[in-house]
Protein chains: 2
Amino acid sequence: MDVAAKKTSFPRLDESLLSHLPPFSKLETRQIRTVLDQATSRRCEANHCVFSEGDVADRFYMLLDGYVRVIRVTSDGEQVTSLHIPAGQLLGIAKALGKDTYPATAMTASESILLSWPMRLWDNFVQDYDGFATETYKTVGARVGEMNNRIVELATQQVEQRVANAILRLINQTGRKVEDGIEIDFPITRQDLSELTATTLHTVSRLLSAWEKQGLVTSKRKRIKVCDPHALVVLSQG
Amino acid sequence: MDVAAKKTSFPRLDESLLSHLPPFSKLETRQIRTVLDQATSRRCEANHCVFSEGDVADRFYMLLDGYVRVIRVTSDGEQVTSLHIPAGQLLGIAKALGKDTYPATAMTASESILLSWPMRLWDNFVQDYDGFATETYKTVGARVGEMNNRIVELATQQVEQRVANAILRLINQTGRKVEDGIEIDFPITRQDLSELTATTLHTVSRLLSAWEKQGLVTSKRKRIKVCDPHALVVLSQG
DNA sequence: ATGGAAGTTTGTGCTGGAGCAAAGAAAGCG
DNA sequence: CGCTTTCTTTGCTCCAGCACAAACTTCCAT
């Protein structure tokens, strides 16, 4: 792999990129340089499949920029989004779950930049890099927590609350402050939202229309801006 | 801790108990003896709280006998069961998730026997015992997989399919072959099932009655026996 | 600019399953 | 043994949200 070529196509690909990210933050500059040299970088447009459920897990990834959604497909073809992963997190870390195939599919939700390493380096990373293991287990823990919350949410809440919650979560993870509100800063369709909240795009569309009438949100095609986050919080509590 | 006393109240508490269980199966007899000496054992009746969500995770557990259910409680007091844990598995392994409080509550679902160790031994176990870490990450991975499945299930399936699935899962995990069928071998109420499947005990009751009329199951108070597992599988597929 | 694809809005009817209520059956207890 | 508690069954009502359908808007490629 030609490092020079990488640097031209991704000018910002230097130590400073990783040095502030939890799994690598305790590393020395020299170590980070090694890590970078072993990495493959890739820029993907939105809706690009990073890896698929069941594939042999031969690489693990760090999302440098953009957003990735983790989805599962049911036997009859329906998609369910189980997680959104924001920039700065590892993904495809099957090894941390004791698996050698990916347990779910990952797709980019917006244009994204990914670093990846061959999975055979995993054990090296764990051994050589102080804090790497700890941080990945924290990541796993956080995702387990999120999944748990989604289960509780799906089990007990109404559709309106779930949609409100989903939007709030996205805002927290990926919100961008703009004039008169906070916008989800990647393209998201009603369909996507319905897959996140286990309902239909029709219902999501209706809800957003209703909220827009009440001035809680404004939305264009693939864009959602929240004007009154507090009102959404109230809604989400039931 | 008086080892002699333990041995009298739990006569079977010797090396053979642990030696076949995954996290300990690679240990030498001498090591297992050390592990046992450091353990506290406890017998609990059904519906006993092992640890609560949010508690400081000061111990981790091995379920030797019985069943444990992992539950979460919503802000308005509703309970949701996220997992059933069968005998032979670790629980309360917050450390493997990078947490120092338990992320959920664990209650015994039947009379159970638990070993436990102070959490400060966790790192020792990981370091000293070959395969311990690997196996716990597999456990975590399996639970993540299960949770993922539950999310997909909740998101896409009808109540009838979910209840059928839940019963099948329980049968697989904890089923006991009896004459003319397989029985869930711990007491489970309609309420429990409804918490597992995110519905109401009324609906579960109706479904079981209907299935009983069709000869798929028979059930007494707190007991469910499946006579025609295949028919249940068909139902669960929708 | 033009046609088509992708995304969104909105209306209408229908139904699965929740909510409520009330009574019956089994287990536990003094 | 009767009394209480816990668990279960069942009937009835009602509505949230799904299915289906059709039109509209925005984006994109040719």
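All chains are named by letter (A, B, ...) in the order of the sequence lines, taking the proteins before the strands, and each is independently numbered beginning at 1.
- Here R162(B) does not pair with E153(B) in a salt bridge; the nearest charged N to carboxylate O distance is not below 4.0 Å.
- Taking atom NZ of K220(A) as the reference point, atom C1' of dC24(D) lies 19 Å away to the nearest angstrom.
- The stretch residues 178-192 of chain A has no heavy atom under 4.0 Å from DNA chain D, so no residue of it qualifies as close.
- Atom pair K222(A):NZ and dA5(C):P shows a separation of 16 Å (rounding to whole Å applied).
- Side-chain proximity of T200(B) to dG19(C), dG7(C), dT9(D): nearest is dG19(C).
- Considering only heavy atoms from C-beta on, K225(B) stays 4.5 Å or farther from V217(B) through its side chain.
- Between N149(A) and R169(A), the side chains place no donor N or O within less than 3.5 Å of an acceptor N or O (distance only, hydrogens not considered).
- In this structure, R190(B) contributes its side chain and L201(B) its backbone to no donor-acceptor pair below 3.5 Å.
- Ion pair D192(A)/R69(A) flagged as a salt bridge, since at least one NZ, NE, NH1 or NH2 atom sits closer than 4.0 Å to an Asp/Glu carboxylate oxygen.
- Side chain of S110(B) to backbone of A46(B): no donor-acceptor contact under 3.5 angstrom is found.
- Of the residues in residues 202-213 of chain A, those with a non-hydrogen atom less than 4.0 angstrom from any atom of DNA chain D are H202(A), T203(A), R206(A).
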Set out, line by line, the N/O atom pairs under 3.5 Å between protein and nucleotides 27-30 of chain C.
residue : atom : partner : partner atom : Å
dA27(C) : O4'  : R221(B) : NH1          : 3.4

Kindly determine whether R43(A) and H48(A) satisfy side-chain hydrogen bond (donor to acceptor under 3.5 Å, both in side chains), including the steps that lead there. CA-CA 10 Å; R43(A) 168 176 280 142; H48(A) 179 90; over 6 Å; no
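- Scanning both residues, A94(B) and M119(B), for their nearest heavy atoms gives N-CE, 4.2 Å.
- A donor-acceptor contact closer than 3.5 angstrom links the side chains of S116(B) and R59(B).
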